[in-house]
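For reference, the structure I am asking about is given below.
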Amino acid sequence: MSKELEPLADPGLPEHIHRKADTDPIAAKRAERQVAVLFSLSAFGTLLFIYSYFFIKEDQFIFIPIMGSTNAQQLGIGMGMAMSLLFIGFGAVHWAKTLMPDQEVIAYRHEMRSDDSDRGEFVKAAKEGAEIAGLGRRPLIKRSLAAAAGLAGLPAILLLRDLGPLPGNALNETNWKTGTRLVTDPGDRPIKASDLEVGGVAQVMPALPTGKKRTLEDIAKDAVLLIRLRPAEFQLDPERLSWTHEGIIAFSKICSHMGCAVALYEQTTKHLLCPCHQSTFDVTRAAKVIFGPAARPLPQLAITVDADGYLIAKQPFTEAVGPSFWERKS
Ligand code: FES
């Protein structure tokens, strides 16, 4: 004969044990100081980050026994950032575990959106909670937390600086000046019109003053394509025609869409093609855009020859080279 099982008694919640800081004011004070120390260490970490970023030289090394020779700035930045984030987290956890209200509550499941009265209750309870948490009564925590939280956002702002300088007027200023010789790239050799056959293309750079080295930034802005056609093939207005020399026309090689190098020349159609998004420019019509996303022609460089017969720039570019997506003066 089977015996009916008796239902289990509801065990309920285990007895609530109060934390030391709940009953002992001295323990509460000690916990408060510990939290403040953790937040202060976070603030110190942020200051270390800032100091390392601005005041330690990039090429300064120090010897650390287990790490060997170490870049001091990188070490300071890394340690500062780690301390800043780690200790603000430790402080918050320690504060919650030792001093925040320690009441057990039962949370029933509700619809996803509470009704307005519950929402009002929540706001009220949150305010009361803040009151009970005693922020007003614990100025030490309040101030150290404010310092740590206030400083914690600074590293992110400082790191934005490493994205580099704002472009400003950079694309309006190239090394092409009146009388600058066109030189081969690579090779830096001045060229004459006779060096380029009809149908030929060449990439050239401006000759730089003696002693000046060509930087990557120079190359990104100064690259020019020379293309030689028969003069009769051009469909240019008289001014643009006067910017050519014996059928040689010069355009910035930097695509006016997003700055890729316009590298493909179709000899039969006389089109220049940008490989990035297929913008196509008509060489015979001053690099007018005939297809693709570019919004303006490639800037044309006015060229002529000097007394020795070498190709030179007649004047600087009359408009900014490169992409059109930021404000330009011309
Ligand atoms: S960069 Fe040349 S078409 Fe987009």
Side-chain angles (χ1 to χ4, degrees), residues 160 162-177 180 182-188 191 196 198-206 208 214-229 233-237 239-241 243-245 247-303 311 313-330:
L160 285 177
D162 276 353
L163 292 177
L166 290 172
N169 201 26
L171 293 180
N172 277 288
E173 290 156 8
T174 67
N175 287 305
W176 292 105
K177 315 281 182 232
T180 304
L182 282 62
V183 294
T184 54
D185 178 40
D188 277 350
I191 50 177
L196 205 61
V198 172
V201 187
Q203 174 174 311
V204 292
M205 288 285 176
L208 295 180
R214 205 180 299 287
T215 63
L216 276 178
E217 194 181 325
D218 291 332
I219 294 168
K221 292 194 299 182
D222 293 343
V224 157
L225 275 180
L226 284 187
I227 301 152
R228 185 160 195 175
L229 308 181
E233 290 174 307
F234 287 122
Q235 301 171 48
L236 301 173
D237 62 42
E239 188 195 3
R240 288 306 183 101
L241 193 57
W243 290 8
T244 66
H245 179 77
I248 299 176
I249 191 164
F251 296 110
S252 166
K253 194 181 175 184
I254 317 302
C255 183
S256 55
H257 176 225
M258 293 186 76
C260 288
V262 176
L264 306 173
Y265 175 61
E266 285 178 352
Q267 206 174 356
T268 44
T269 56
K270 320 255 179 313
H271 291 167
L272 273 170
L273 193 80
C274 175
C276 287
H277 312 101
Q278 283 71 52
S279 284
T280 308
F281 306 89
D282 184 350
V283 171
T284 64
R285 290 186 286 164
K288 186 175 178 214
V289 182
I290 53 169
F291 180 78
R296 65 189 185 106
L298 298 171
Q300 184 182 344
L301 181 69
I303 54 169
L311 290 167
K314 220 174 188 177
Q315 60 187 35
F317 276 110
T318 55
E319 58 186 308
V321 298
S324 315
F325 53 71
W326 65 65
E327 191 185 353
R328 53 185 69 246
K329 285 190 175 168
S330 53

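For ligands, and for the atoms within them, numbers begin at 1 and follow the listed sequence.
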**OP:** List nothing but the number: protein N/O/S atoms under 2.8 Å from atom 2 (Fe) of ligand 1.
**Re:** 2
**OP:** Can you run down the salt bridge (Lys or Arg N to Asp or Glu O under 4.0 Å) pairs that involve residues 261-283, sequence neighbours left out, and say none if there aren't any?
**Re:** E233-K270, D282-R285
Original post:
T244 side chain to I249 main-chain N or O, any donor-acceptor pair under 3.5 Å?
Top reply: no
Can you give each donor-acceptor pair under 3.5 Å made by side-chain atoms of residues 272-279, sequence neighbours left out, with the distance rounded to 0.1 Å?
| residue | atom | partner | partner atom | Å |
| --- | --- | --- | --- | --- |
| H277 | ND1 | H257 | ND1 | 3.1 |
| Q278 | NE2 | P275 | O | 3.3 |
| S279 | OG | A294 | N | 3.0 |

Original post:
In terms of side-chain geometry, is the basic nitrogen of E173 or K221 positioned less than 4.0 Å from the acidic oxygen of its partner?
Top reply: no
Original post:
With sequence neighbours excluded, what pairs up with N175 under the side-chain hydrogen bond (donor to acceptor under 3.5 Å, both in side chains) test?
Top reply: K212, D218, D222
**OP:** Evaluate whether atom CG of L160 has more than 12 neighbouring non-hydrogen atoms of other residues, nucleotides or ligands under 6.0 angstrom away.
**Re:** yes
